[in-house]
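Read through the structure below, which is laid out as structure tokens, and then see the notes.
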Amino acid sequence: MPELPEVETTRRRLRPLVLGQTLRQVVHHDPARYRNTALVEGRRVLEVDRRGKFLLFALEGGVELVAHLGMTGGFRLEPTPHTRAALVLEDRTLYFHDPRRFGRLLGVRRGDYREIPLLLRLGPEPLSETFAFPGFFRGLKESARPLKALLLDQRLAAGVGNIYADEALFRARLSPFRPARSLTEEEARRLHRALREVLAEAVELGGSTLSDQSYRQPDGLPGGFQTRHAVYGREGLPCPACGRPVERRVVAGRGTHFCPTCQGEGP
DNA sequence: AACGTACCCTGCCGGC
DNA sequence: TGCCGGCAGGGTACGT
């Protein structure tokens, strides 16, 4: 599923292809999912940004196209059987592929995110300097929730989803069930570092393409980080550190993969 | 505040 | 072989 590394990879690939071009038209037949898109038509693309899992196309005239890829959304350079919308530019068209239709597009005036409350309450970008340890540690200390739930919440760090939460917890050797406030400063530092490392490595490798193939880079190439997964999607397979089987349990309503030996048992 | 549950949606999987 | 129920999970909404 598209999380920070997949959205960032998409941003990096799309940016040189769309910068300076006029977005002639946003074609779709689903005004409930793709809202207010007429606002951004006929304007040149000035920048492609990212906040958490949101992709932000800044256009001239002070408007912005906000895209969230949901679980299976992605921009492609060629149409697919699951193309749900198309961004028609001058020398190319971007196809919004989204089999399960959880993705959204929304035209807004620049920075006016009142219709996207999640975007307004996003925490710091984990790969930027704004992701400072003191604030992260304070956030952990304020919550009794399981670490997994807190990592998915987007307020402690923006853009972490199910894959990278599990991978970061494994790398930090912390149980997903641990109450956040029970972490020592040393443990919190491990988690802070693990998040940054896992996300940065995944961005370098173009994100994770799972066996369902739902995420692909815009040119159709798969990402490369899936082969580095230590626990995610590896239930029953040997932990790369100790060799004992990886377990899967539901935490915070999400499938959660961990090594009971290396990270500690559940509650 | 935070948890549980239902919902959105479709492809895929296992069971029969 | 083929049908079918259940599941996965980004997020939101609602009840407790």
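Numbers restart at 1 for each chain; the letters A, B, ... are given by sequence-line order, proteins then strands. The basis for the numbers below is simple: all heavy atoms, side chains too, and nothing from hydrogens, waters or symmetry mates.
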For the backbone of A:Leu210 and the side chain of A:Gln226, can you confirm whether one donor and one acceptor N or O come within less than 3.5 Å of each other?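 Answer holds: no.
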Look at the side chain of A:Arg234 and the backbone N and O of A:Gly236, then say whether any donor-acceptor pair between them is shorter than 3.5 Å.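 Checking the backbone N and O of A:Gly236 against the side chain of A:Arg234, no donor-acceptor pair under 3.5 Å is found.
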Would you classify [X] as touching base, sugar-phosphate or nothing, given that sugar-phosphate means primed atoms plus P, OP1 and OP2, and contacts are heavy atoms under 4.0 Å?
X: A:Tyr232; value: sugar-phosphate
X: A:Arg155; value: nothing
X: A:Gly161; value: nothing
X: A:Leu118; value: sugar-phosphate

Integer-rounded Å distance: [N] [atom2] and [X] [atom1]:
X: A:Phe102; N: C:dT12; atom1: CZ; atom2: P; answer: 13 Å
X: A:Arg248; N: C:dC7; atom1: CZ; atom2: P; answer: 10 Å
X: A:Asp98; N: B:dT10; atom1: CG; atom2: C1'; answer: 10 Å
X: A:Glu235; N: B:dC13; atom1: CD; atom2: C1'; answer: 14 Å
X: A:Met71; N: B:dC9; atom1: CE; atom2: C1'; answer: 9 Å
X: A:Leu105; N: C:dG10; atom1: CG; atom2: P; answer: 19 Å
X: A:Leu150; N: B:dC3; atom1: CG; atom2: P; answer: 9 Å
X: A:Arg33; N: C:dG11; atom1: CZ; atom2: C1'; answer: 13 Å

For C:dT1, give the paired nucleotide (Watson-Crick: N1-N3 plus N6-O4 or O6-N4; G-U: N1-O2 and O6-N3; both under 3.5 Å), or none.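 Partner of C:dT1: none found under 3.5 Å.
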Rounded to the nearest 0.5 Å, what's the gap from OG1 on A:Thr83 to CG on A:Asp98? Could you check?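 It comes to 10.0 Å.
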Base C:dG10 to side chain A:Arg254, donor-acceptor N/O within 3.5 Å cut-off: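 Per atom types, the contact qualifies.
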So, is the end of the A:Arg249 side chain (NZ or CZ) under 6.0 Å from the ring centre of A:Phe258 and within 45° of the ring's axis?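 Checked: cation-pi criterion not met.
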Side-chain N,O ([X]) to OP1/OP2 ([N]) below 4.0 Å:
X: A:Arg145; N: B:dA1; result: no
X: A:Arg101; N: B:dT10; result: yes
X: A:His82; N: B:dT10; result: no

Taking the nucleotide of DNA chain B with the nearest heavy atom to each, does A:Arg84 or A:Pro146 sit closer to the 5' end?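 This one resolves to A:Pro146.
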Working note: A:Phe170 + A:Tyr164, criterion ring pair (Phe, Tyr, Trp, His ring centres under 6.0 Å); need CA distance, chi angles, decisive distance, verdict. CA-CA 10 Å; A:Phe170 173 78; A:Tyr164 300 102; over 10 Å; no
